[in-house]
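Bear in mind that the values here come from a model prediction, so they are computed numbers and not experimental data.
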Amino acid sequence: MPDLLLELFSEEIPARMQAKAADDLRRMVTDKLVAEGLVYEGAKAFATPRRLALTVHGIPARQPDLKTERRGPKVGAPDAAVQGFLKATGLKSLDEAKIQRDPKGDFYIGLIEKPGRDAIDVLAEILPVIIRTFPWPKSMRWGARSGKPGSLNWVRPLHAITATFGLETEEPDVVKFEVDGIATGQTTYGHRFMAPDAISVRRFEDYEAKLKAAKVILDPQARKDIIFADAKELTFAQGFELVEDHQVLLDEVSGLVEWPVVMMGSFEAEYLAIPDEVIRATIRNNQKCFVVKDPKTGKLTNKFVLTANIEASDGGKVIVSGNERVIRPRLSDAKFFYETDLKTKLEDRLPKFEQIVFHEKLGTQAARIKRIERLAAEIAALVGADVAKATRAAHLAKADLLTEVVGEFPEVQGLMGKYYALAQGEDASVAAACEEHYKPQGPTDRVPTDPVSVAVALADKIDTLVGFWAIDEKPTGSKDPYALRRAALGVIRLIAENALRLSLMKVATSALTGLSVKPADAQKLPSDLLAFFADRLKVQLREQGARHDLVDAVFALGGQDDLLMIVRRVEALGKFLESDDGKNLLAGIKRASNILGIEEKKDKRSFEGAPDVALYSLAEEKALAKAIGEVQAEASAAVVREDFAAAMSAMAKLRPPVDAFFDKVRVNDDDAKVRENRLKLLNEIRSATRAVADFSKIQD
């Protein structure tokens, strides 16, 4: 079957837009093909700084013919209805229609045949529409063509459109259409400087090979691989090691070049007095370059790796020199900022926070810092941290937001707080907390373990959550402008991974007392917030492969605000339900709950209260009653000891008597008193198992 090659050749496309643009092009074209009945075999899109390209292979040469039946008016209907039917179906007369019998009467049926069109004609129709409606985040309309004003909005001026369609064994045809005066053809262009001449292309394999010969690597991943491999090899050859930077930088650099050429530059060693992270941020942000470290010391060297877009005749000397000339003053500025910051103590910066509003309803940053100090001191006592150090760390933790370096490079906030704290002689735990109180900032971020850092991190996140809950600024749908979901997940990870015993309700209530604004229902806020934590915990456990319904089963018991115990109980419950005993007991409990639910609804009452032992007539009733009493005592004692595995083992002992009861005992006995007694016994099963979890919340 034929293949499509499409290329949109333009001026430079911003690197940050390229990946999404390629994906959008693939999606829009293939969706439209399928909608037109042209089901393809495969598609792949590419982007370079100057082009978007798409290949779709295995497209049918022609649309399938469509035959549809259209029901018309009743036989004998008014002439106006008949004429409308004939016009809509394209029939010349009613003689060409069929008559279909129906209980409501006889109706005319028209057979509409719509012959399929050649795929190339369909492409010529859909492609210009896609180009004109392409969803660039930002686009521009540029100058006139042939005396007419431009009408196309595109990210940068569009110069050429290549569109071919045909079989691999034949010369492809051009998909003919025009957009804003640009007619399609088979002509593209190579590298802007090294091979700028026009290139005639036929199909994708020919297109990709000719571009490579013209110094253009079409595949973005191939460009990334070249940059990364060459950079590692270059640094290794000089005895250094490439600092593997954020994937975002590699993505951006590969989007700036069509023919990557890796080179190394240097800067004065005096700038190494700046913290490594500041050097890295300066070079990365300003020149999109990678930094290099000495593997012997683990510290940065005064080298950097850049990626050029040309094989220079002088070996790249001018390019390297130009980058060095730009980086040198940037590092000089960073050094000046850093040295200036060191002249002012962190606590001396704090008065400025009195004039900085954190949130119009939650007061200033200064007020927030005081709340965090108070809360950190309370939490410190609960997590085994030094209260004085936790208070001091909370006092200083936000101060680096007012420094010159953080003002220039916001991504190093917290980290610079640590450096400045150490420089002014603060305790190592206090300094570490200045950096770590922001952590963890995501599911893969490191979780602090130092008790001082943990106390301040929890205080910071819980104050944020309680504050925004108090002013009713909760996350809604996909919107979470204050990153409250991330804060809640951070609290969960801090507690779980440090095995902390903490009552969230008490801590939230304490945080609430420190707020100047009071919610309409202050009593309800902690429990509402706890429900939010439950939802976040379900998300985290689901990502770890656990079942979210087990979280519901544990939270349904009420009063569960010790996250560590909840996690441990969920883990034990999950292991129990994987066993045969667990699966069968769950089935028995569900059966008991279903019967109770039906009978309670029927009788409009519950069956609470202890069963009457005197009404037990069968051995299975007596055995079950005895087992419930023993298991309930054993499981409850195990839960008190927080030995949830033992509690599950105790629950397993219910399986044989429950199975025997349902096998031999008729619950809805003819004797009303016996029936009621047996329903109360079923309720005892439900009550006994609630010592561990609400099994009714567990999915089969």
S.K.: Distance only, no hydrogens: is a donor on one side chain within 3.5 Å (strictly under) of an acceptor on the other, for His395 and Lys370?
M.R.: no
S.K.: Check residues 500-512 and write down every donor-acceptor pair under 3.5 Å in which the side-chain atom is one partner and the other belongs to a residue at least two apart or another chain.
M.R.:
residue, atom, partner, partner atom, Å
Arg501, NE, Asp562, OD2, 2.7
Arg501, NH1, Glu642, OE1, 2.8
Arg501, NH1, Glu642, OE2, 2.9
Arg501, NH2, Asp562, OD2, 2.8
Arg501, NH2, Glu642, OE2, 2.7
Ser503, OG, Lys506, N, 3.3
Ser503, OG, Asp561, OD2, 2.5
Thr509, OG1, Met505, O, 2.7
Ser510, OG, Arg374, NH1, 3.3
Ser510, OG, Glu378, OE1, 2.5
Ser510, OG, Glu378, OE2, 3.0

S.K.: Under the salt bridge (charged side-chain N to carboxylate O under 4.0 Å, His left out) criterion, do Lys343 and Glu339 qualify, and how do the steps go?
M.R.: CA-CA 7 Å; Lys343 295 175 183 177; Glu339 291 173 347; over 6 Å; no
S.K.: Provide the closest heavy-atom pair for Ala499 versus Arg568 in the form atom of the first, atom of the second, distance.
M.R.: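 Heavy-atom minimum between the residues: CB-NH2, 4.0 Å.
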S.K.: Phe240 and side-chain contact (heavy atoms from CB on, under 4.5 Å): which partner among Leu300, Val291, Thr301?
M.R.: Thr301
S.K.: Please round to the nearest 0.5 Å and tell me the distance separating atom OG1 of Thr689 and atom CD of Glu684.
M.R.: 11.0 Å
S.K.: For a side chain to side chain contact (heavy atoms under 4.5 Å, CB included) check, start with the C-alpha distance between Ile698 and Phe695, then their side-chain angles and the critical distance, and finish with the verdict.
M.R.: CA-CA 5 Å; Ile698 300 174; Phe695 280 72; 3.9 Å; yes
S.K.: Strictly below 4.0 Å, N to O, side chains only: are Lys418 and Glu277 in salt-bridge contact?
M.R.: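 Not counted as a salt bridge, because no side-chain N and carboxylate O are separated by less than 4.0 Å.
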S.K.: Please check if any side-chain donor atom of Tyr271 sits under 3.5 Å from a side-chain acceptor atom of Asn302, or the reverse.
M.R.: no
S.K.: Kindly list each side-chain donor-acceptor pair under 3.5 angstrom involving residues 439-450, sequence neighbours excluded, with atom names and distances?
M.R.:
residue, atom, partner, partner atom, Å
Lys439, NZ, Asp445, OD1, 3.2
Asp445, OD2, Gln441, N, 2.8
Arg446, NH1, Glu436, OE2, 2.8
Arg446, NH2, Glu436, OE2, 3.2
Asp450, OD1, Val452, N, 2.8
Asp450, OD2, Ser429, OG, 3.0

S.K.: Which pairs count as ring-ring contact (aromatic ring centres under 6.0 Å, His included) when at least one residue sits in residues 478-514, sequence neighbours excluded?
M.R.: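 Counting only pairs at least two positions apart or across chains, the ring-ring contact (aromatic ring centres under 6.0 Å, His included) contacts touching residues 478-514 are His359-Tyr482, Phe468-Tyr482.
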S.K.: Answer yes or no: is there an ion pair linking Asp535 with Arg485, defined by an N-O contact shorter than 4.0 Å?
M.R.: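 No, this pair does not count.
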S.K.: Within this structure, what is the CD1-OG1 distance for the pair Ile372 and Thr464, rounded to the nearest 0.5 Å?
M.R.: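 Ile372 CD1 to Thr464 OG1: 6.5 Å, rounded to 0.5 Å.
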S.K.: Under 4.0 Å between a Lys/Arg side-chain N and an Asp/Glu carboxylate O for Glu634 and Lys653?
M.R.: yes
S.K.: Could you grab the distance from atom CE of Met565 to atom CZ of Phe644, nearest 0.5 Å is fine?
M.R.: 5.5 Å
S.K.: Determine yes or no for a side-chain-to-main-chain donor-acceptor pair under 3.5 angstrom, with Asp400 supplying the side chain and Gly414 the backbone.
M.R.: yes
S.K.: Let me see the working for Phe555 and Leu537 under side chain to side chain contact (heavy atoms under 4.5 Å, CB included), right down to the final yes or no.
M.R.: CA-CA 11 Å; Phe555 267 99; Leu537 182 58; 4.0 Å; yes
S.K.: To check you understand the geometry: which heavy-atom pair defines the closest contact between Phe576 and Met648, and what is its length?
M.R.: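 Answer, listing the atom of Phe576 first, then Met648: CE1-O, 3.5 Å.
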S.K.: Distance to the ring centre below 6.0 angstrom and angle to the axis at most 45 degrees; does that hold for Arg368 and Phe358?
M.R.: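 Because its charged atom sits under 6.0 Å from the ring centre and within 45° of the axis, Arg368 does stack over Phe358.
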S.K.: Just by modelled atom types, is the Val357 backbone N or O under 3.5 Å from a matching donor or acceptor in the Gln365 side chain?
M.R.: no
S.K.: Side chains of Asp694 and Ser696: any donor to acceptor distance under 3.5 Å?
M.R.: yes
S.K.: Enumerate the ring-ring contact (aromatic ring centres under 6.0 Å, His included) contacts for residues 517-540, please, sequence neighbours excluded, ordered by first and then second residue.
M.R.: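 Residue pairs with at least one partner in residues 517-540: Trp469-Phe532.
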S.K.: Evaluate whether atom NZ of Lys474 has more than 12 neighbouring non-hydrogen atoms of other residues, nucleotides or ligands under 6.0 angstrom away.
M.R.: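 Correct, the count exceeds 12.
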S.K.: Going by an N to O cut-off under 4.0 Å, is there a salt bridge joining Glu268 and Arg328?
M.R.: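 So Glu268 pairs with Arg328 through a salt bridge.
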S.K.: Return yes if a side-chain donor-acceptor contact under 3.5 Å exists between Asn323 and Gln287, otherwise no.
M.R.: yes
S.K.: Locate the shortest heavy-atom distance separating Val491 from Lys461; write the atom from each residue and the value.
M.R.: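 For Val491 versus Lys461, the nearest heavy atoms are CG2-CB, 3.7 Å.
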S.K.: Test Asp341 against Tyr420 for side-chain hydrogen bond (donor to acceptor under 3.5 Å, both in side chains), laying out the working first.
M.R.: CA-CA 8 Å; Asp341 286 341; Tyr420 296 140; 2.6 Å; yes
S.K.: With rounding to the nearest 0.5 Å, note down the distance linking CG in Asn286 to CZ in Arg330.
M.R.: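 Result: 4.0 Å between the selected atoms.
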S.K.: Give me the atom names and distance for the closest heavy-atom approach of Arg284 to Leu249.
M.R.: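 Nearest heavy atoms, Arg284 then Leu249: CG-CD2, 3.5 Å.
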S.K.: Is any NZ, NE, NH1 or NH2 atom of the basic residue among Lys299 and Asp276 found under 4.0 Å from an Asp or Glu carboxylate oxygen of the other?
M.R.: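 A salt bridge is present here (some side-chain N lies under 4.0 Å from a carboxylate O).
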S.K.: Check side chain to side chain contact (heavy atoms under 4.5 Å, CB included) between Ala421 and all other residues, then give those that pass, not counting sequence neighbours.
M.R.: Leu346, Glu426, Ala431, Cys434
S.K.: What I want to find out is whether Glu571 reaches Lys575 closely enough, with some N-O distance under 4.0 Å, to be called a salt bridge.
M.R.: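 Judged by the 4.0 Å cut-off on N to carboxylate O distance, Glu571 and Lys575 do not form a salt bridge.
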S.K.: Using a 6.0 Å cut-off, check whether atom NZ of Lys697 has over 12 heavy atoms from anything other than its own residue.
M.R.: no
S.K.: For Ala645, does its backbone N or O pair with a side-chain atom of Ser649 as donor and acceptor, under 3.5 Å?
M.R.: yes
S.K.: So does Gln699 get a backbone contact from the side chain of Asp549, meaning a donor-acceptor N/O pair under 3.5 Å?
M.R.: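 Side chain of Asp549 to backbone of Gln699: a pair is present.
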S.K.: Could you tell me whether a side-chain N or O of Asn498 sits under 3.5 Å from a main-chain N or O of Leu494, the two making a donor and an acceptor?
M.R.: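 Yes: the side chain of Asn498 pairs with the backbone of Leu494.
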S.K.: For Leu234, check side chain to side chain contact (heavy atoms under 4.5 Å, CB included) against everything at least two apart and list the hits.
M.R.: Gln238, Val262, Met264
S.K.: I'd like to check Phe290 versus Phe304 (side-chain heavy atoms, cut-off strictly below 4.5 Å). Are they in contact?
M.R.: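 Side chain of Phe290 against side chain of Phe304, heavy atoms only: no contact under 4.5 Å found.
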S.K.: Counting neighbours of NZ on Lys518 that are heavy atoms of other residues, nucleotides or ligands and sit closer than 6.0 Å, is the number greater than 12?
M.R.: yes
S.K.: Counting heavy atoms not belonging to Gln523, are there more than 12 under 6.0 Å from its CD?
M.R.: no
S.K.: What's the separation between atom CD in Gln424 and atom CG in Leu396, rounded to the nearest 0.5 Å?
M.R.: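 It is 6.0 Å, given to the nearest 0.5 Å.
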S.K.: Any sub-3.5 Å donor-acceptor pair from Lys538's side-chain atoms to Leu550's backbone N or O?
M.R.: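 Absent.
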S.K.: Do Glu411 and Asn285 pair up side chain to side chain, a donor and an acceptor below 3.5 Å, judged on atom types alone?
M.R.: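 Judged by distance alone, the side chains do pair up.
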S.K.: Is there a donor-acceptor pair closer than 3.5 Å between any side-chain N or O of Arg686 and the backbone N or O of Ser593?
M.R.: no
S.K.: Taking all non-hydrogen atoms of both residues into account, name the closest pair between Ala470 and Leu515 and its distance.
M.R.: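 Looks like CB-CD1, 3.7 Å.
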S.K.: Drop me the distance from Thr235's OG1 to Lys303's NZ, to the nearest 0.5 angstrom.
M.R.: 12.0 Å
S.K.: Ignoring hydrogens and angles, tell me if any N or O in the side chain of Asp294 forms a donor-acceptor pair with the backbone of Gly298 under 3.5 Å.
M.R.: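 Pair absent, no side-chain N/O of Asp294 close to backbone of Gly298.
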S.K.: Which atom pair, heavy atoms only, marks the closest approach of Ile566 to Val554?
M.R.: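 Reported closest heavy-atom pair: CG2-CG1, 4.1 Å.
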